[in-house]
Protein chains: 2
Amino acid sequence: MPRGDDPRVVRSRAAVVEAATTLFLQKGYAGTTMEDVAALAGITKRTVYNNYTDKETLFTQIVTDVLAFADEYAVGLRAELAADIAAADLRTSLHDLGRRLALAIVRAEVVALRRLLIGEARAFPALGARYFDRAPNQMIEVLASGFRHLVQLGVLRATDTRRAAEQFAYLIVGEPLDRAVLVGTVPTREHIVTCAREGVETFLARYAPDPRIR
Amino acid sequence: MPRGDDPRVVRSRAAVVEAATTLFLQKGYAGTTMEDVAALAGITKRTVYNNYTDKETLFTQIVTDVLAFADEYAVGLRAELAADIAAADLRTSLHDLGRRLALAIVRAEVVALRRLLIGEARAFPALGARYFDRAPNQMIEVLASGFRHLVQLGVLRATDTRRAAEQFAYLIVGEPLDRAVLVGTVPTREHIVTCAREGVETFLARYAPDPRIR
DNA sequence: CCTACCGATCGGTAGG
DNA sequence: CCTACCGATCGGTAGG
């Protein structure tokens with residue numbers, strides 16, 4: 001392996017990562033050749049192989065990097081959730097939360113990543129599982145943790161906060177996400193926002209203890 | 001093209017369809033060779049090509065055949081829905097419906113088909129779109145139609161029955177289906193049934209007009 | 001040379 | 001995307 005502190009190596013690796021991320025998300029694993037990656041990175045194939053053992057290693061590395069963003073997002077969400085909910089009333093804050101989440105999830109990049117990982121799940125079963133754990137599952141856990149806090153405050157009524165969080169998530173993004181992944185077109189912002197709003201209303205109907213909030 | 005009424009041709013085609021369905025669902029498009037299909041069908045590759053122009057045509061044909069089952073299922077569902085709901089009370093019939101639907105959707109074969117179509121959505125965009133239209137969308141439309149009837153009977157309270165149907169569908173199968181497609185393992189029957197039951201409860205909380213039903 | 005079928009092989013591609 | 005090359009794979013085809 002080349003020395004990682006050589007500025008030329010650093011630049012090459014960054015160029016490969018950027019090129020490979022673009023191409024894998026856009027054309028899939030089989031649809032992306034190592035020639036394509038080298039060309040878009042502006043280097044030769046030989047240089048790519050100087051830094052990455054093989055195509056599978058490169059692919060795994062790319063996906064791992066992308067999943068790191070999911071972790072960051074969950075951490076940020078946890079902080080926002082704790083702060084925002086305390087500030088306003090339940091209904092308003094859950095609508096804000098739902099809308100932000102839905103818009104963050106039903107995006108072209110996320111849909112492309114999902115399609116890629118699902119399509120390669122046979123060849124790379126660990127990546128699909130890791131994505132589920134780091135993205136949907138982690139987000140649901142953060143939501144559940146926030147809901148637990150709300151239950152303690154007496155503004156939410158739920159015995160199984162994990163389940164409530166699952167229902168919240170799939171109520172607000174289930175249909176648009178499923179459609180986007182299968183049909184390939186991301187729904188309009190209007191559609192996403194409306195779906196999120198109505199999803200939150202249904203969530204509140206079950207989990208808001210005070211009928212006046214609903 | 002060979003004559004379709006020759007019994008040898010009929011048998012060859014049936015063998016190809018069966019073999020290709022198995023292999024495409026199990027190994028994906030690229031992972032299935034025409035040699036594999038011919039071998040599993042017990043004929044030579046040349047005979048496969050006597051009946052199907054090329055691999056893409058065969059794949060499209062297979063998927064079309066599989067989607068025909070989705071249509072049949074929706075038709076059956078429509079009949080059952082009309083009959084069952086009238087028989088028992090709302091809560092019981094929606095729980096029955098939800099459990100049956102969830103178990104029908106979160107099955108290994110359906111998950112395999114979804115993974116296949118999502119993975120090949122780049123190469124065959126029309127197939128993913130057609131699946132969405134024939135399976136999730138059609139099922140939701142049938143549900144919406146049933147809910148509309150219930151609204152007229154006064155046992156359900158919904159202004160947008162299409163949205164109510166979407167929420168019903170993704171409340172009961174969202175999490176297990178997403179997990180199954182990404183992780184590759186179908187959840188236990190217990191998990192599916194519990195998720196469906198809790199989903200129906202949340203649905204009822206919003207859409208059952210009489211608090212006594214909830 | 002009607003369809004059906006087989007053994008063998010070619011042209012093109014892509015990872016390395 | 002410098003060309004060239006390898007070992008391997010695979011979709012589609014020609015001769016008999």
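Reminder, nothing fancy here: chain letters follow the sequence lines and each chain counts from 1.
Contacts of A:A135 classified as side chain to side chain contact (heavy atoms under 4.5 Å, CB included), with partners at least two apart in sequence or in another chain: A:A70, A:Y131. By the side chain to side chain contact (heavy atoms under 4.5 Å, CB included) test, B:K45 is found to be paired with B:M34, B:E35, B:A38, B:Y49, residues two or more places apart in sequence or in another chain being considered. Remark: B:R11 engages no residue in a salt bridge (Lys or Arg N to Asp or Glu O under 4.0 Å) (not counting sequence neighbours). Under the side-chain hydrogen bond (donor to acceptor under 3.5 Å, both in side chains) criterion, B:T47 pairs with B:T44, sequence neighbours left out. Looking at residues two or more places apart in sequence or on another chain, you find a side-chain hydrogen bond (donor to acceptor under 3.5 Å, both in side chains) between B:R46 and B:N50. For B:T22, the side chain to side chain contact (heavy atoms under 4.5 Å, CB included) partners two or more places apart in sequence, or in a different chain, are B:Q26, B:L40.
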Q: Give DNA chain D the dot-bracket treatment, 5' to 3': Watson-Crick (N1-N3 with N6-O4 or O6-N4) or G-U (N1-O2, O6-N3) under 3.5 Å, [ ] crossing, | other strand.
A: ....||...||.|.|.
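OP1 or OP2 of C:dC5 has at least one side-chain nitrogen or oxygen of B:S12 nearer than 4.0 Å.
Residue pairs meeting the side-chain hydrogen bond (donor to acceptor under 3.5 Å, both in side chains) criterion with at least one member in residues 66-79 of chain A, sequence neighbours excluded: A:D71-A:R134.
The separation of D:dT13 from C:dG7, taken at their C1' atoms, amounts to 13 Å, rounded to a whole angstrom. C:dA8 and D:dG12 are spaced 22 Å apart, taking the P atom of each and rounding to whole Å. Separating the C1' atom of C:dC1 from that of C:dC5 is a span of 15 Å, rounded to the nearest Å.
Protein atom CD of A:E56 is 17 Å distant from nucleotide atom P of C:dA14, rounded to whole Å. Whole-Å rounding puts the B:R13 CZ to C:dT3 P distance at 12 Å. Counting to the nearest Å, the C1' atom of C:dG16 and the CG atom of A:N51 are 15 Å from each other. Atom OH in A:Y52 sits about 17 Å away from atom P in C:dG15, given to the nearest Å. As a whole-Å value, the separation of B:K55 NZ from D:dT13 C1' is 17 Å. Rounded to a whole Å, the CZ atom of B:R46 is 14 Å from the C1' atom of C:dC10.
Side-chain polar atoms of A:Q61 and A:D65 form a donor-acceptor pair below 3.5 angstrom.
Out of D:dG12, C:dG15, D:dA14, the shortest distance to the side chain of B:Y49 is found at D:dG12.
Contacts of residues 18-45 of chain B with DNA chain D (heavy atom under 4.0 Å): B:T32, B:T33, B:M34, B:K45.
The shortest heavy-atom contact between B:D178 and A:P136 is OD2-CG, 4.0 Å.
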